[in-house]
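Structure, as structure tokens:
Letters go in sequence order (proteins before strands), and every chain restarts at 1. Note that the structure is predicted; figures quoted are calculated from it, not measured.
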Amino acid sequence: MKLASIKALLLFALLGVSIPAKAVITIEITEGAEGAIPVAVVPFDSSKLPIKLKADVAEIVSNNLNRSGVFEVLDQAQYPARPHYSKQVSYPQWRARGMEFIVIGRILNKNDGQLDVQFQLLDVLKQKQLLGYSFPVRLRNLRSTAHEISDLIYEKITGVRGAFNTRIAFISAQQNQSRKYVLQVADTDGFNPQTVLESDEPLMSPSWSPDGQSLAYVSFENKRPEIFIQHLSTAKRSKISGFKGINGAPNWSPDGKRLALVLSKDRSPDIYTMEVATKRLTRLTRHRAIDTEPVWTPDGNSIIFTSDRSGGPQLYEISISGGQPKRLTFEGSYNSAADLSPDGKNIVMVYGDRGRYQIAQLQRESGNLITLTDNTLDESPSFSPNGRMVLYASTQGNKGVLYMVSLDGRSKYKLSDQAGDIREPVWGPYKKLR
Amino acid sequence: MNKLIGVIAISALFVTGCATQDDAFDAQTEQDAAAAAQQADTAQQQAQPIVGSDTEASALTDDVLTAQELLEEADSPLASRVIYFAYDSAKIDDDSLGLLEAHGNFVAGNGNVSVRLEGHADERGSREYNIGLGDRRAQSVRRILLFQGASSDQIDTISYGEEQPAMLGHDESSWSKNRRVELIYQVN
């Protein structure tokens with residue numbers, strides 16, 4: 001048997017090694033947000049630096065705020081002035097433009113090869129500073145700092161923690177002459193794409209460990225599906241499940257100690273949990289139907305999964321101590337691939353009805369079902385760590401593309417790759433725990 | 001980018017069979033042993049008709065084709081090695097049933113042949129569910145081959161779900177070609 005060509009790659013950003021921020025992914029805002037909060041983000045002053053910066057902090061922040069659906073950033077051409085310090089700000093000018101908030105900043109040279117990125121968030125109506133920070137930053141981390149600034153602004157104004165300074169993982173495939181599958185991670189705006197693993201056999205179902213240090217995924221490198229865990233910064237990987245039949249759909253428990261997974265070693269696909277350290281298995285479901293796509297509830301006490309035990313695929317919930325699964329979805333002929341919001345109150349899933357497959361949100365308390373997308377082949381929904389955005393895959397022409405939609409449906413944008421067919425996006429956890 | 005390639009470290013791969021995995025793989029071994037025992041039984045039951053047919057076969061020695069030759073015959077039913085399915089279904093229709101009976105007889109009559117059943121699904125819906133669906137289709141085909149007398153150790157099944165479409169279009173004409181099980185033969 002020919003072994004698949006497979007390469008596991010180190011992730012440099014996590015080690016702090018510099019690589020150029022090459023944008024394979026471009027962003028297109030497909031639906032603007034009505035009633036968004038008007039903000040101005042003045043280009044930061046970097047005239048005192050001996051070099052020209054490649055990353056434009058104000059632009060990164062503006063794009064982030066626009067994409068959230070919560071803010072609408074005023075076009076720079078309409079700025080009445082370009083202040084960099086609060087004492088230069090004439091509030092009435094900005095008020096006349098309808099602005100509620102203004103972000104200003106400057107990037108200074110520190111003597112030890114670091115930059116000093118300073119920014120202030122100003123309340124135009126109250127004419128006072130809401131936030132003021134100074135970040136010592138290495139040049140290569142400037143984009144990450146811009147995302148961190150975006151998070152601080154988002155949180156100060158909305159009261160919800162921002163999730164811009166996080167990463168996403170996805171699979172990119174080339175289906176032409178030679179097939180190639182690539183597991184990648186990137187910033188949430190699509191920049192800094194980095195290859196985790198390349199294979200000429202399918203890669204599937206990436207799942208982030210809760211600490212953001214590792215990914216579990218399915219690889220067909222040995223001509224059958226097996227589950228691997230790979231530590232991102234060292235590229236160390238190990239096969240964790242290689243039973244006969246299906247080894248699929250790994251999903252990390254909230255405490256990082258277990259994986260939920262699908263095995264068909266005992267005939268039809270069933271849900272199991274595996275203790276990562278000992279590989280000890282516990283079988284949760286026992287049914288001749290297809291049971292798959294397990295996800296943990298945030299409290300770690302139960303698992304939501306897809307099963308076609310009632311006919312078509314629907315979502316069920318089972319306690320991790322076992323027992324009878326409870327059916328959760330009743331609307332639509334096809335409900336699968338659930339992801340849970342961090343507060344556990346919302347489920348997003350693939351909702352199929354009359355030949356259309358869309359992303360829908362199920363509000364657990366009320367039972368309300370709301371479709372978030374309007375394409376026909378949408379799949380793989382994944383919540384942002386603050387529960388406000390949903391990342392998912394759709395199809396355009398013969399290619400898979402990624403979209404993000406706000407949970408209120410007010411904003412939607414596309415992350416598109418020129419080269420590959422992108423699918424199975426998963427949003428990673430916060431970089432810093434609180 | 002050059003700089004990037006220069007410092008890429010390719011890690012040692014295929015970390016398998018470590019001591020910590022023993023528990024997981026012991027269970028597998030047990031299962032394999034049980035399966036092998038079951039297969040041994042099946043083989044004995046099958047031995048009967050093969051012996052019986054020997055007398056007839058001796059007169060036809062010149063005309064007996066090897067398994068390889070049978071597989072290469074263009075107008076044989078064995079030349080059709082893809083079974084198609086309806087949406088979200090693993091049901092085998094009557095035409096396919098006839099075809100699979102021919103394949104089953106062939107596998108049963110040629111102990112040196114093994115077949116890998118690769119199940120596939122169309123792109124609609126979620127990917128891991130489609131892995132389940134491709135598996136269910138491969139199992140449907142497997143059951144028929146076993147019923148025709150093929151031995152379970154001649155058959156391997158795998159599901160690729162929607163990961164390896166035969167056609168890349170996004171309509172029923174492509175989807176109907178992607179909902180399939182492919183029979184991949186090996187003559188040992």
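With A:E226 contributing its side chain and A:S241 its backbone, the two residues share no donor-acceptor pair below 3.5 Å. For the pair B:N178 (side chain) and B:A166 (backbone), a donor-acceptor distance under 3.5 Å is present.
Looking at B:Y160, both its backbone and its side chain come within 4.5 Å of chain A, counting heavy atoms on both sides. Contacts of B:I131 with chain A are made by both backbone and side-chain atoms, with heavy-atom separations under 4.5 Å. Neither the backbone nor the side chain of B:E118 comes within less than 4.5 Å of any heavy atom in chain A. Only the side chain of A:V218 comes within less than 4.5 Å of a heavy atom in chain B; its backbone stays farther off. Proximity to chain A involves both the backbone and the side chain of B:R127, based on heavy atoms less than 4.5 angstrom apart.
Looking only at heavy-atom pairs under 4.5 Å with chain B, the residue among A:L377, A:T395, A:T306, A:V350 that has the most is A:L377. If you tally non-hydrogen atom pairs under 4.5 Å between each of A:P269, A:P313, A:S336, A:G352 and chain B, the highest count goes to A:P313. Interface check for chain B: of the options A:S380, A:A249, A:A337, A:G248, the most heavy-atom pairs under 4.5 Å are formed by A:A249.
B:D156 has a carboxylate O that lies under 4.0 Å from a charged side-chain N of A:R224, or vice versa, which qualifies the two as a salt bridge. At a threshold of 4.0 Å, the pair B:D135-B:R137 does not count as salt-bridged, since none of the basic side-chain nitrogens sits closer than that to a carboxylate oxygen.
By the 30° and 60° cut-offs, the orientation of the rings of A:Y217 relative to A:F228 is parallel.
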**Request:** Evaluate the criterion side chain to side chain contact (heavy atoms under 4.5 Å, CB included) for residue pair B:V181 and B:F85; output intermediate values, then yes/no.
**Result:** CA-CA 8 Å; B:V181 170; B:F85 295 85; 3.5 Å; yes
